[in-house]
**Student:** 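Here it is, the structure in full.
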Amino acid sequence: MMGSLSSNGSYAPSRKVTMMGYDVPEGIDIRGRYTEEYAKILTKDALMFVADLQREFRNRIKYALECRKEAQRRYNAGALPGFDPATRYIREGEWVCASVPPAVADRKVEITGPTERKMVINALNSGAKVFMADFEDALSPTWENLMKGQLNLKDAVEGTISYHDQARNRVYKLNDQTAKLFVRPRGWHLPEAHIHIDGEPATGCLVDFGLYFYHNYRAFRQNQGAGFGPFFYLPKMEHSREAKIWNCVFEKAEKMAGIERGSIRATVLIETLPAAFQMDEILYELRDYSVGLNCGRWDYIFSYVKTFQGHSDRLLPDRVQVGMAQHFMRSYSDLLIRTCHRRGVHAMGGMAAQIPIRDDPEANEAALELVRKDKLREVRAGHDGTWAAHPGLIPAIMDVFQNNMGSIPNQIQSMRREDAVITEEDLIQKPRGVRTMDGLRLNTRVGIRYVAAWLTGTGSVPLYNLMEDAATAEISRVQNWQWLKYGVSLNGDGLGVHVTRELFGRVVEEEMARIEKEVGAQKFKRGMYREASKIFTRQCTAAILDDFLTLDAYNQIVQHYPKVSSKL
Ligand SMILES: CC(=O)SCCNC(=O)CCNC(=O)[C@H](O)C(C)(C)COP(=O)(O)OP(=O)(O)OC[C@H]1O[C@@H](n2cnc3c(N)ncnc32)[C@H](O)[C@@H]1OP(=O)(O)O
Ligand SMILES: O=CC(=O)O
Ligand SMILES: [Mg+2]
């Protein structure tokens, strides 16, 4: 029945094995590798639940994605995003979301990370209040990562997860006290090419959500949620119609499980520019399920460029200059805080990109100071909690939040701000700063190195002492694209050079040489740097901006069994 392991440890499946390995319901085809462990996740009942979700919601998802395209066509023709007059009654109405479950009233520090086994244990033990386990920005969605991620989360929720680091002979287990688990499925746009339902790839987020929910809702409500849950983070939405689909997915899941309405809770990331004009509407659609909004600042910057791809008057300065001090970023964070507190839910802060620098105490202290400053701004502005990328940052971030909030679990009641109105113009105001050759080079180097990591199964990496993931890499890509499209002048270094294809071609060559030097010839040869450079360069120079870097790159990580060439 099963395939065999070859001498080098790789799996050699037979056609019969893959066809027969998983016991699948009618209409479902599993094209990913078979293992006995994965079969514990891909049970017939769990797959049936995923297929039910897919069949019920696929047309609405397709429609929502079409609406995104239609809105983009309008922005490309010169329109600006704004508040929708048709939903003024929601923005002006007096309503609140369901009250916050006691288990997650205090979310001062949330650690995030991919669903990798050791990291899941470390994150749950980290001292953070919440761990957001990520199938999204921080995870490269290979079949192996996704299936192992599901197994890891199942063991985590059951409290049995352990990991033996053989090289260091160290065993990892859960502490008595652990962070509360939130899970972030992929965005609506990403397919899951290893699971076909009625002849089409499944929707990635329904696979992530469906499998996790099906296997964990019981244990979660007992062990983690004190009767509530499971808890989720929902990424990259652009409109409240997408939140409404999640609302219906949650209703259906609760019905299947036979648990009360409002058991599931979710925090929506406001990380696209169009969604900034829909905060009330998104909360309203999810009012029985919401535990807040989060400032997904990195995707938000990416979305600003994407939304304004046709607007030559809204070009970004160097990536390092687009921080939370920019007027449009501060306005978005302020609006998010006001909206959440008015509706009775958490207003979560975002991710500072700095991570600990092990071998340089001075640089480490400087990085920590930047994180502290960022978090101080957030807590003073009214955020109820925030994200940490690394366990080493948690004590400093916790101190900032505790020192400024005292013993209260959140500021939902105490920080109600009704000061100056935030206007459409505040939310789209042009970022200020300069563009430099160093900015172009850094975007290129970071973009290529990130894609190379992603293609080999790693979705978050430390690069030049910063955390890089799919969202930060997107900024590098679209900023290069924008500068190339408009042939901008690099006005920050006194050279006045214009960004052309020729210049960019030279930059790519030189940065590839630098990467080779940095990682070493052996690693460079063995790695995916050339493939990454090809993907990144094509996207930066494309006549029409690709919607997502990872959609194109996904084709490279799809591995069908038995092996067939597969392009979506
Ligand atoms: C824009 C957004 O969406 S932000 C959210 C998505 N991004 C993320 O979640 C990024 C999460 N962070 C990470 O992936 C990592 O911290 C990185 C890649 C940035 C840095 O990783 P590394 O350089 O390998 O970290 P480092 O070597 O310092 O790790 C030290 C220890 O901390 C652990 N660790 C580091 N980051 C995390 C984390 N986020 N969660 C749990 N454990 C972690 C490591 O597993 C390691 O454990 P060990 O000592 O038991 O072996
Ligand atoms: O998901 C978070 C972001 O900043 O993007
Ligand atoms: Mg994001």
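We count ligands from 1, going down the list as the structure has it; atoms in each ligand are counted the same way.
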**Student:** For A123, take its heavy atoms, then give the atoms of ligand 1 lying under 4.0 Å from any of them.
**Tutor:** 40 (N), 41 (C)
**Student:** Aromatic ring centroids of F131 and F182 under 6.0 Å?
**Tutor:** no
**Student:** Report the atom name of the nearest N/O/S atom of E271 relative to the Mg ion (ligand 3).
**Tutor:** OE1
**Student:** Considering I355, T112, I394 one by one, which has a heavy atom nearer to atom 39 (N) of ligand 1 than any of the others?
**Tutor:** T112
**Student:** Counting only heavy atoms, which portion of R184 has something under 4.0 Å from ligand 1: side chain, backbone, both, or neither?
**Tutor:** side chain
**Student:** If we set the cut-off at 4.0 Å for heavy atoms, which region of D137 has an atom near ligand 1: side chain, backbone, both, or neither?
**Tutor:** side chain
**Student:** Report the part of R358 (side chain from C-beta onward, or backbone N, CA, C, O) that has a heavy atom under 4.0 Å from ligand 1; answer both or neither where that applies.
**Tutor:** side chain
**Student:** Any idea which protein heavy atom is nearest atom 38 (C) of ligand 1, and the distance to it?
**Tutor:** M119 CE, 3.5 Å
**Student:** Once you restrict to heavy atoms under 4.0 Å, what part of M132 touches ligand 1? Side chain, backbone, both or neither.
**Tutor:** neither
**Student:** Is ligand 1 under 4.0 Å from a heavy atom in the side chain of V461, in the backbone, in both, or in neither?
**Tutor:** backbone
**Student:** Using modelled atom types only, decide if a donor and an acceptor are shared between the side chain of Q354 and the backbone of M467 within a distance under 3.5 Å.
**Tutor:** no
**Student:** Measure the distances from the heavy atoms of P356 to every atom of ligand 1 and state whether one is below 4.0 angstrom.
**Tutor:** no
**Student:** Take a 6.0 Å sphere around CD of E70 and say whether it holds more than 12 heavy atoms from other residues, nucleotides or ligands.
**Tutor:** yes
**Student:** What is the ring orientation for F209 with W246, classed by angle as parallel under 30°, tilted 30 to 60°, or perpendicular over 60°?
**Tutor:** perpendicular
**Student:** Whether the side chain of Q224 engages the backbone of P230 through a donor-acceptor N/O pair (distance < 3.5 Å, no angle test) should be reported.
**Tutor:** no
**Student:** Give a yes or no on whether the ring-centroid distance for W387 and Y233 is below 6.0 angstrom.
**Tutor:** yes
**Student:** Answer yes or no for F131: is there a heavy-atom contact with ligand 1 below 4.0 Å?
**Tutor:** no
**Student:** Counting from 1, what ligand 1 atoms have a heavy atom of A138 closer than 4.0 Å?
**Tutor:** 6 (C), 7 (N), 8 (C), 9 (O)
**Student:** Under 4.0 Å between a Lys/Arg side-chain N and an Asp/Glu carboxylate O for K62 and E66?
**Tutor:** no
**Student:** Consider every N or O of A389 and every N or O of ligand 1, then say whether any pair is closer than 3.5 Å.
**Tutor:** yes
**Student:** Taking the basic N atoms (NZ, or NE/NH1/NH2) and the acidic carboxylate oxygens, is any pair closer than 4.0 Å for D374 and R372?
**Tutor:** no
**Student:** With a 6.0 Å cut-off on ring centres, are F308 and Y304 close enough?
**Tutor:** yes
**Student:** Among protein heavy atoms, which lies nearest atom 45 (O) of ligand 1, and at what distance?
**Tutor:** N122 ND2, 3.3 Å
**Student:** Using a 4.0 angstrom limit on heavy atoms, which residues are close to ligand 2?
**Tutor:** D137, R184, L269, E271, G296, R297, W298, D299, W387, A471
**Student:** Are Y554 and F548 near enough that their ring centres are under 6.0 Å apart?
**Tutor:** no
**Student:** Looking only at N, O or S atoms in D137, which is nearest to the Mg ion (ligand 3)?
**Tutor:** OD2
**Student:** Distance to 0.1 Å, residue and atom name: give those for the protein heavy atom nearest to atom 40 (N) of ligand 1.
**Tutor:** I111 CD1, 3.6 Å
**Student:** Donor-acceptor pair, distance only, cut-off 3.5 Å: does the side chain of H346 make one with the backbone of A105?
**Tutor:** yes
**Student:** Kindly confirm or rule out an N or O of Y172 lying under 3.5 angstrom from an N or O of ligand 1.
**Tutor:** yes
**Student:** Which one holds for V120 and ligand 1: side chain close, backbone close, both close, or neither close, with close meaning a heavy atom under 4.0 Å?
**Tutor:** neither
**Student:** Salt bridge check, D399 against K375: does any charged N sit closer than 4.0 Å to a carboxylate O?
**Tutor:** no
**Student:** Indicate the ring-plane relationship of Y163 and Y172, choosing parallel, tilted or perpendicular according to the 30° and 60° boundaries.
**Tutor:** tilted
**Student:** Does the D155 side chain pair with the main chain of S162, one donor and one acceptor, at a distance under 3.5 Å?
**Tutor:** no
**Student:** Does ligand 1 come near enough to W298 that some N or O of the ligand is less than 3.5 Å from an N or O of the residue?
**Tutor:** no
**Student:** With heavy-atom distances below 4.5 Å as the criterion, would you say the side chains of L427 and I422 are in contact?
**Tutor:** yes
**Student:** Report yes if the side chains of R186 and T203 come closer than 4.5 Å at any heavy-atom pair, otherwise no.
**Tutor:** no
**Student:** Short list, please: which atoms of ligand 1 are under 4.0 Å from a heavy atom of G113?
**Tutor:** 9 (O), 11 (C)
**Student:** Heavy-atom distance from atom 31 (C) of ligand 1 to the protein below 4.0 Å?
**Tutor:** no
**Student:** Do any of the N, O or S atoms of D299 sit under 2.8 Å from the Mg ion (ligand 3)?
**Tutor:** yes
**Student:** Could you tell me whether the side chain of Q479 reaches within less than 4.5 Å of the side chain of L315, counting heavy atoms only?
**Tutor:** no
**Student:** Suppose we measure from atom 10 (C) of ligand 1 to each protein heavy atom; which comes out shortest, and what is that distance?
**Tutor:** M467 SD, 3.5 Å
**Student:** So which heavy atom in the protein is nearest atom 34 (N) of ligand 1, and how far is it from that ligand atom?
**Tutor:** P391 CD, 3.5 Å
**Student:** Checking side chain to side chain donor-acceptor pair (under 3.5 Å) between N443 and each of D438, N480, D318, which is the one that passes?
**Tutor:** N480
**Student:** Is the distance from the ring center of Y212 to that of F135 below 6.0 Å?
**Tutor:** no
**Student:** Below 30° counts as parallel, above 60° as perpendicular, anything between as tilted: where do the rings of W143 and H194 land?
**Tutor:** tilted
**Student:** Might you check, step by step, whether the distance between atom 28 (O) of ligand 1 and some protein heavy atom is under 4.0 Å?
**Tutor:** yes
**Student:** Considering only non-hydrogen protein atoms, determine which one is nearest to atom 4 (S) of ligand 1 and report residue, atom name and distance to 0.1 Å.
**Tutor:** D469 OD2, 3.3 Å
**Student:** Starting from atom 51 (O) of ligand 1, which protein heavy atom do you reach first, and at what distance in Å?
**Tutor:** R168 NH2, 2.4 Å
**Student:** Should V268 and M237 count as side-chain neighbours, where that means a heavy-atom distance under 4.5 Å?
**Tutor:** yes
**Student:** Heavy-atom contacts under 4.0 Å between R170 and ligand 1: side chain, backbone, both, or neither?
**Tutor:** side chain
**Student:** Please write down residue, atom name and distance for the protein heavy atom closest to atom 24 (O) of ligand 1.
**Tutor:** P462 CG, 4.8 Å
**Student:** List every atom of ligand 1 that sits less than 4.0 Å from any heavy atom of D134, numbering the atoms from 1 in the order shown and giving each element.
**Tutor:** 6 (C)
